[in-house]
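Let me begin by presenting the structure, written as structure tokens, before commenting on it.
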Amino acid sequence: MSEPIIQVRHLSKSFGTHVVLRDVDFTVNAGDVTCVIGASGSGKSTLLRCINLLETPTNGNVLFHGQEITAKGFDPCAYRAKVGMVFQSFNLFNNMSVLDNCTAGLRYVLHQDKETARRTALANLEKVGMAPYIHAKPRQLSGGQKQRVAIARALSMQPEVLLFDEPTSALDPQMVGEVLAVMRQLAKDGLTMIVVTHEMAFARDVSSHVVYMADGVIAEEGTPADIFEHPQNPRTVEFLSRFRQE
Amino acid sequence: MSEPIIQVRHLSKSFGTHVVLRDVDFTVNAGDVTCVIGASGSGKSTLLRCINLLETPTNGNVLFHGQEITAKGFDPCAYRAKVGMVFQSFNLFNNMSVLDNCTAGLRYVLHQDKETARRTALANLEKVGMAPYIHAKPRQLSGGQKQRVAIARALSMQPEVLLFDEPTSALDPQMVGEVLAVMRQLAKDGLTMIVVTHEMAFARDVSSHVVYMADGVIAEEGTPADIFEHPQNPRTVEFLSRFRQE
Amino acid sequence: MQDFFVNCATVLQKYGFSYLRGAGTTLLLALVGTFFGCLIGFAIGALQTIPVDKQRDPAWKRALIRILHGVLRCYVELFRGTPMIVQAVFIYYGLLQVFGIKMGMWTAGFLIVSINTGAYMAETVRGGIVSIDPGQTEGAMSIGMTHWQTMLHVILPQALRNIIPQIGNNFIINIKDTSVLSVISITDLFFVHKSVVGALYTYFESATIVMIIYLTMTLLASYLLRLWEKALDGPQNYDLNTTDTLAYTSGMYNAPNPVHEPQNLDMKGEVSHV
Amino acid sequence: MQDFFVNCATVLQKYGFSYLRGAGTTLLLALVGTFFGCLIGFAIGALQTIPVDKQRDPAWKRALIRILHGVLRCYVELFRGTPMIVQAVFIYYGLLQVFGIKMGMWTAGFLIVSINTGAYMAETVRGGIVSIDPGQTEGAMSIGMTHWQTMLHVILPQALRNIIPQIGNNFIINIKDTSVLSVISITDLFFVHKSVVGALYTYFESATIVMIIYLTMTLLASYLLRLWEKALDGPQNYDLNTTDTLAYTSGMYNAPNPVHEPQNLDMKGEVSHV
Amino acid sequence: TTDSTAASDSAASTAETGTEADTTAAPDGDGDPTTLTVAMECAYAPYNWTQSDDSNGAVQIRDSSDYAYGYDVMMAKKIAEALGQNVQVVKLDWDSLIPAVMSGDVDCVIAGQSITSERAQQVDFSDPYYYASIITLVKKDGPYANAKSVADLSGATCTSQLGTIWYDNCLPQIPDANILPAQETAPAMLVALNSGACDVVVTDRPTAQAALVAYPDFVALDFGGGDEDFQVSDEDINIGISMKKGNTALKDAINGVLATMTTDDYNTMMDEAISVQPLSE
Ligand SMILES: Nc1ncnc2c1ncn2[C@@H]1O[C@H](COP(=O)(O)OP(=O)(O)OP(=O)(O)O)[C@@H](O)[C@H]1O
Ligand SMILES: Nc1ncnc2c1ncn2[C@@H]1O[C@H](COP(=O)(O)OP(=O)(O)OP(=O)(O)O)[C@@H](O)[C@H]1O
Ligand SMILES: [Mg+2]
Ligand SMILES: [Mg+2]
């Protein structure tokens, strides 16, 4: 289980003069659950977007199974089909019903037949409690419902690696619990995950590795125990203070 | 301080056959902080949208200072200028910079001059830590940054009542703390607020009144102490179980 | 005024059938032209947005895309930028004269209207694509869709919705602009009008008749397009799905319903540390 | 081929100035027409989207809005649905004949092009408004903006960005369609072409010259519009504001910066119960 | 300048500066008795064409810097002179010649219009101001180059100009003819013939003469006017000047001028027009 799946190597990203990521470097092994925590605007989403090739890194690169994803001839579509993503802003397809949102990838990318795709999608929608809403269009859903559909859509693709960008931000505590339980199960089943989250409890209890980002650099990383019990960096200490005082 | 500002009277709202709100009835007095909690899809956002006249109620009505807001001749624009709203999906103006987003209402609705508007907006942006980003366009912001601008925009209007729809969903714990502190200060200053939130701690500690919604009805309401210490309804108990076990 | 109606009646009695035939020709040309024009427009819209990755794509591919873009731009600018009547003369008579290629006048007519509409539609579609939230593209890419799949299944259907008013415009423009095809001997409605006026000198009468026929066609087109818009918007509300579920019982969360009793209390202990 | 260029030279030598004047006329009409057409289009777009509230608005207001919508629809359908050449004849000669009103040909020309473009632009703008996320309207309404303020400051600026390609289309259509104004004796570029051909019978030579002039105008227009699009998109990146702050120290959160030291530890106790 | 106010004023200013004619009796159709306003396409040599200077006595076109000349303009000048009026040429598209004269925007149309009884119900025609004999144009190397009679054109693909006697009456006389829809203008008709889209076009002598200059590959066939030729009534080949129905004053005045001229005068004038048309330089 310790073969590295995703290696982020000296990754930098600037928008114009504004440096958002600076020399970010970490490794995700197969089966790892890596949590990325950090302040608003510290570059967490940008990091995930670079890994998923939605942004071109300014410098450095990302390796997938040892292969550079920005190399010539690398097929980004096949890669993205294996590395799923749940967006912070959901990005559901507005022209499709909830069910179609989840089957689109299965049918068009994985070329599954309609019925198989439907069964997979329904199973995943049921996991997040969205099965009754399969005929709804995204604009008819509440925030939390959209978020759950986004999760189901990513799960339906049965990817090797899943990138979650704050997957429980729009959910109530009860639903957070249930979605986190689903993720926990996925982790147990060996899915590799990188999770940007503000749910410190989840980071502490489920992750195998925690990355704390501040202003575009990795301020501290380590096992959850390291980060949550013995944070070294004063900024980590401050960031976690509210959570640790519980 | 106990003059009723907003009275929701037997409010119902359906989309087609789908009943989203059923006979919702509660009163908000001047200076109250009313927290609305409930599961994803239970109708919290729809309730706020009805109060802010973005949806027309199917039945029932809402009184503002005793005046029916759906009555003939009622001026919805003047009303909305006094009853601000922070959207779950932010709804920042994409064509304007952060600063313009915050000054637009002041300049065009309240007809303040440019400089006054800028000062008010900057003060509020500073409160939420977004002052350095005033030249950015919404699409260049991170999720949490957008959310903070949305809050600043609503605060800039200096409304009588503020409706918050999950105002801290995209924020990290540290920032949540800071934004909630701002809201706490506003509450102290006498601003009336209705806050849809998943932050149970905020609901418990700051609100004067808690409304628990489930499937479109108010399943239980009362003081924070009532709801959090002695919930009566089994659904409330279940909903709060994860929080109360802390 | 009396005269006017008498004249109209005379005109109609003599040329009524010609008007109808002309209207039929006009409608046929406009329909075919708009249909293929839209196809061309959508194809170009999709081709113009092919993403280029400076690092990953080999040089030849980038060069190819660049050339393609150049060719497409030339096509759009050339056909948009010159009068259709001149194009018709060049294509029909020019080809015949210089290369001896004799195209059927209908073939030429359909071709000319289609490539013209295509050139305009290409820009229209570009506007439509620009107006779609980039998040939609990202969503599609994130599940591994290729550029073409993204366009076909996600972007163009949404762009289509936004540019239907414009497709209506283009159709109506075509209804009127096909009149220039009279230079290649296609007798459309407006040419019938000209013939009638040439023979009888009853300009206002014939013009009134022709305007009424045009209006009938365009109003019908507007109406149908509005219906289509409504259809694409889909139903205002959705129905809850209560029957179409799988026999999938994972012990996970179940659909919320008013008499919801949690079946997953067992996992509460696991998630209770926040 | 030799002949061809010799003929072109002859044509240019004899009529070069006429072509230029014709081009000037064409450009002037197209510019004025497109400008006012856009204004009309935006105005109608905004008028058509006036919200009606069944409960709150008095009956007379609803009736008024309904009538307004009807009138606007009639305008759009009537002017979109009939050939501009016929409109020109009806407006210019019809008014003269029936009411004895003699309009200047330029007044009539500008009027006709503007109201025609306006009718098309109305639909274009409608498409543009439809394509804007309703959240933008809600955002604007939530701070108390009226419908007009919402349109002016929030919706139309965004719609404008999306329909610029279409404005380009309309401008180019105008450049070519103003040729029908030769019925009210406005000598545009295409009428010059017709005159030259009627005098010299050198169709292809004159057509080539005219096409080149048209292409020059349309390419220039395309280029300028693309620049405008870029300008509207704004800079790709933003600069952090480090100077323009208020002397506002509330003990609240301060802007994050690399050497950030929290000044608000004092409030930590207050918010530490989650 | 193409300024709109200047343009709309120009008609009025012409009236003020115009010569003092007999304003009460002068025949008129457009409310300006000092000026004879004539509409034509100015795009149909040798009847009327546009040129960029006033050589040969060309008349400046209303609201334009170009000049019009040709047989029609010569005729207009002649008539205006006889009536003691200025001549003003309005350049109009073919489509609006009739509305222009009907609405009273111009006094008359001199544009090579054939006189037919149907047309005469809508406008008044003067007596003929030219007799246009019929000529057939074919390509030198084409199959009909040696035709001697209408019968020899049998089976030809043919066309002619819209709204002319040639198209409406002559073409149907060709046995088994494949008659294409009419062409709107003479140049377009010639392009069709030259490209090979049709084998035969029928037109009048002046147009044919102009065409021969522009297209040396053409031959003009004249079937002699007898039994071998197209059978047309005299009325058919007469072209006249049209004015608003009921404007007998103007009609009589024009007819008065035309009465002073003979067929030979017409032909001389036409020859002169052909000799100075831009094409012949
Ligand atoms: N397209 C862009 N152009 C310019 N700057 C950008 C762009 N996208 C993001 N940024 C900036 O990059 C920084 C990091 O953004 P990012 O979205 O990665 O933050 P984040 O860590 O995900 O924050 P949050 O928790 O609020 O979502 C922010 O300061 C943001 O303003
Ligand atoms: N326009 C609409 N058409 C149909 N149904 C809608 C529409 N908007 C909302 N709904 C439905 O109304 C219900 C309540 O939605 P609402 O957004 O109020 O939920 P919420 O309590 O805010 O949930 P969340 O916490 O997830 O934001 C949902 O089931 C949603 O699907
Ligand atoms: Mg983010
Ligand atoms: Mg909500």
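Order of the sequence lines fixes the chain letters, A, B, ..., with proteins taken first and strands second; residue numbering starts at 1 for each chain.
Taking the six-membered ring for Trp and the full ring otherwise, the centers of Y93(D) and F204(C) sit at least 6.0 Å from each other.
Counting heavy atoms from C-beta on, the side chains of M211(C) and F90(D) come closer than 4.5 Å. By the 4.5 Å heavy-atom criterion applied to side chains, T124(C) and N169(D) are counted as neighbours. Within the 4.5 Å cutoff, side-chain heavy atoms of E229(C) are placed close to those of R126(D).
The only member of D233(C), I164(C), N162(C), I163(C) that meets side-chain contact (heavy atoms from CB on, under 4.5 Å) when paired with V130(D) is N162(C).
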Are T82(C) and L215(D) close enough, and set up right, to give a side chain to side chain contact (heavy atoms under 4.5 Å, CB included), and what steps lead you there? CA-CA 6 Å; T82(C) 54; L215(D) 267 181; 3.8 Å; yes
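Using a 4.5 Å cut-off between heavy atoms, F79(C) touches chain D through its backbone atoms (N, CA, C, O) alone. For Q158(C), no part lies near chain D; criterion is any non-hydrogen pair under 4.5 Å. Within the 4.5 angstrom heavy-atom criterion, no atom of I212(D) approaches chain C. With a 4.5 angstrom heavy-atom cutoff, T208(D) touches chain C via backbone and side-chain atoms both. In this structure, no portion of V76(C) lies under 4.5 Å from any heavy atom of chain D. Of the two parts of V89(D), the backbone and the side chain both hold a non-hydrogen atom closer than 4.5 Å to a non-hydrogen atom of chain C.
No other option in M217(D), R161(D), Q87(D), M84(D) has as many heavy-atom pairs under 4.5 Å with chain C as R161(D). Residue with the most contacts toward chain C among I175(D), I85(D), I173(D): I173(D) (heavy-atom pairs, distance under 4.5 Å). Note: R80(D) leads H193(D), E123(D), R80(D) in heavy-atom pairs under 4.5 Å with chain C. Interface remark: of the candidates F190(C), Y120(C), Y203(C), Y120(C) forms the most heavy-atom pairs closer than 4.5 Å to chain D.
More than 12 non-hydrogen atoms from other residues, nucleotides or ligands lie less than 6.0 angstrom from OH of Y75(C). Crowding of R226(D) atom CZ: a count of heavy atoms from other residues, nucleotides or ligands under 6.0 Å exceeding 12.
Side-chain contact of E77(C) with S222(D): a donor-acceptor pair under 3.5 Å is present, judged by distance alone.
Rounding to the nearest 0.5 Å places CD of Q166(C) at 8.5 Å from CE of M121(D). The distance from the SG atom of C74(D) to the CG atom of L219(C) is 9.0 Å, given to the nearest 0.5 Å.
Between G81(C) and Y214(D), the shortest heavy-atom contact is O-CB, 3.2 Å.
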